[in-house]
Amino acid sequence: MAINFNKAEFVLSAVRSGTFIRDGRPQVTFAGRSNVGKSSVINRLLNRKNFARVGATPGKTNQINYFRIDDQLYFTDLPGYGYAKVSKEERDRWGRLMESYFQEQGLITLGVLIVDARHKPTADDVTMCDWFKSTGCPLIVVANKLDKLKKKEIEPNLQTIRDTLALDEDDVLIPFSAEKGTGKTELLAAIGRHCQG
């Protein structure tokens, strides 16, 4: 059965592990640095303008947001990481929340890690990538902001991302532009493949 990605609703924000959703639907988990355009990617996939809140200040999502898609699966939006302007206390709380989320078996069906196509992935990106790999779930890496690159920069940049994140041949890396919609069809198709049992 095809998934209607235009049919999406916000369900809840989890601030502790007790409120994680565990209803057996597949969960597609989005992670990325604070200013990498994660909300914009989600909005682009769902054909919405401000569905996943696009923060004027990076680091605004400090809980795990659940969006139910077509009553079939969830997009799970993790807090952006690597932003310096939050207190140490806030960062620690965030770390504990993430840890309990990643340690619980069976929560993540598919990981979507969003990185900036223009730059080499940061140490935080590598850590997040390793967290996803440690769960044993499939991972898609999305290189966002492709529209900001010149044609000749694309391939070398994608290779740098592959090398830095130590991606295997079968790990999917999708060049993406939330601005232009490039890569949207590929990403939705990949999500569909993993979420239709």
Side-chain angles (χ1 to χ4, degrees), residues 2-5 8 25-48 51-52 61 64-70 72-82 98 101-102 105-122 124-149 154-155 157-197:
I3 299 163
N4 177 2
F5 286 97
R25 287 186 180 89
Q27 295 189 21
V28 180
T29 302
F30 289 81
R33 250 194 4 263
S34 288
N35 53 355
V36 79
K38 184 161 50 74
S39 299
S40 306
V41 169
I42 293 172
N43 288 333
R44 170 61 78 173
L45 292 178
L46 301 177
N47 283 330
R48 303 289 183 91
F51 190 62
T61 312
I64 298 177
N65 290 322
Y66 287 88
F67 304 99
R68 191 164 46 230
I69 314 298
D70 198 18
Q72 293 188 56
L73 69 146
Y74 293 101
F75 276 9
T76 314
D77 184 14
L78 300 184
Y81 53 81
M98 290 301 91
Y101 184 75
F102 277 91
Q105 283 297 305
L107 277 186
I108 304 173
T109 307
L110 172 66
V112 178
L113 176 63
I114 299 167
V115 297
D116 191 325
R118 300 169 300 178
H119 308 295
K120 180 180 170 178
T122 64
D124 286 333
D125 290 329
V126 173
T127 301
M128 186 53 84
C129 190
D130 291 343
W131 273 13
F132 272 127
K133 287 177 184 171
S134 73
T135 66
C137 71
L139 174 67
I140 295 173
V141 178
V142 172
N144 191 28
K145 307 197 179 185
L146 190 74
D147 50 287
K148 308 275 196 288
L149 288 178
I154 294 173
E155 274 315 313
N157 283 30
L158 292 177
Q159 195 53 54
T160 301
I161 291 169
R162 272 197 175 279
D163 296 344
T164 310
L165 297 177
L167 298 179
D168 297 331
E169 277 312 299
D170 51 355
D171 286 325
V172 180
L173 173 62
I174 298 179
F176 199 92
S177 164
E179 191 69 30
K180 301 266 198 300
T182 316
K184 174 184 168 176
T185 312
E186 292 83 339
L187 183 50
L188 286 177
I191 291 171
R193 277 198 302 278
H194 287 290
C195 292
Q196 289 166 306

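What you see is a predicted model, and the numbers here were worked out from it, not measured in a lab.
- In this structure, OG in S39 is found 8.5 Å from CG in N65, a value given to the nearest 0.5 Å.
- Checked by atom type and distance alone, the side chain of R44 never pairs as donor or acceptor with a backbone atom of F176 at under 3.5 Å.
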Given side-chain contact (heavy atoms from CB on, under 4.5 Å), test L73 with T109 step by step and report yes or no. CA-CA 10 Å; L73 69 146; T109 307; over 6 Å; no
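- A perpendicular orientation is assigned to the rings of F102 and F132, their planes being inclined by more than 60° (bins at 30° and 60°).
- Atom CG of residue L113 and atom CG of residue L173 lie 10.0 Å apart, to the nearest 0.5 angstrom.
- Atom CG in D70 sits 11.0 Å away from atom CG in L46 (nearest 0.5 Å).
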Trace of the side-chain hydrogen bond (donor to acceptor under 3.5 Å, both in side chains) decision for S40 with N43: CA-CA 5 Å; S40 306; N43 288 333; 5.5 Å; no
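- In this structure a side-chain-to-backbone donor-acceptor pair under 3.5 Å is missing from K148 to D116.
- Atom CG in L146 sits 7.0 Å away from atom CG in L158 (nearest 0.5 Å).
- A donor and an acceptor atom, one from each side chain of N157 and T160, are nowhere located under 3.5 Å apart.
- Under the 3.5 Å distance criterion, the side-chain polar atoms of D125 are matched with a main-chain donor or acceptor of T122.
- Under a 3.5 Å cut-off, the side chain of Q72 and the backbone N or O of A2 do form a donor-acceptor pair.
- The aromatic rings of F75 and F5 lie tilted to each other, with the angle between the two planes from 30° to 60°.
- In the model, Y101 has a side-chain atom that pairs as donor or acceptor with a side-chain atom of T29 under 3.5 Å.
- Here the SG-CD1 distance, from C137 to I108, works out to 5.0 Å after rounding to the nearest 0.5 Å.
- Judged purely by atom type and a 3.5 angstrom limit, R118 has no side-chain atom pairing as donor or acceptor with the backbone of N144.
- Using a cut-off of 4.0 Å between Lys/Arg side-chain N and Asp/Glu carboxylate O, D124 and R33 are scored as not salt-bridged.
- With rounding to the nearest 0.5 Å, the separation of CD1 in I140 from CZ in F30 is 8.5 Å.
- Side-chain contact check for I69 versus R25: every heavy-atom pair is 4.5 Å or farther apart.
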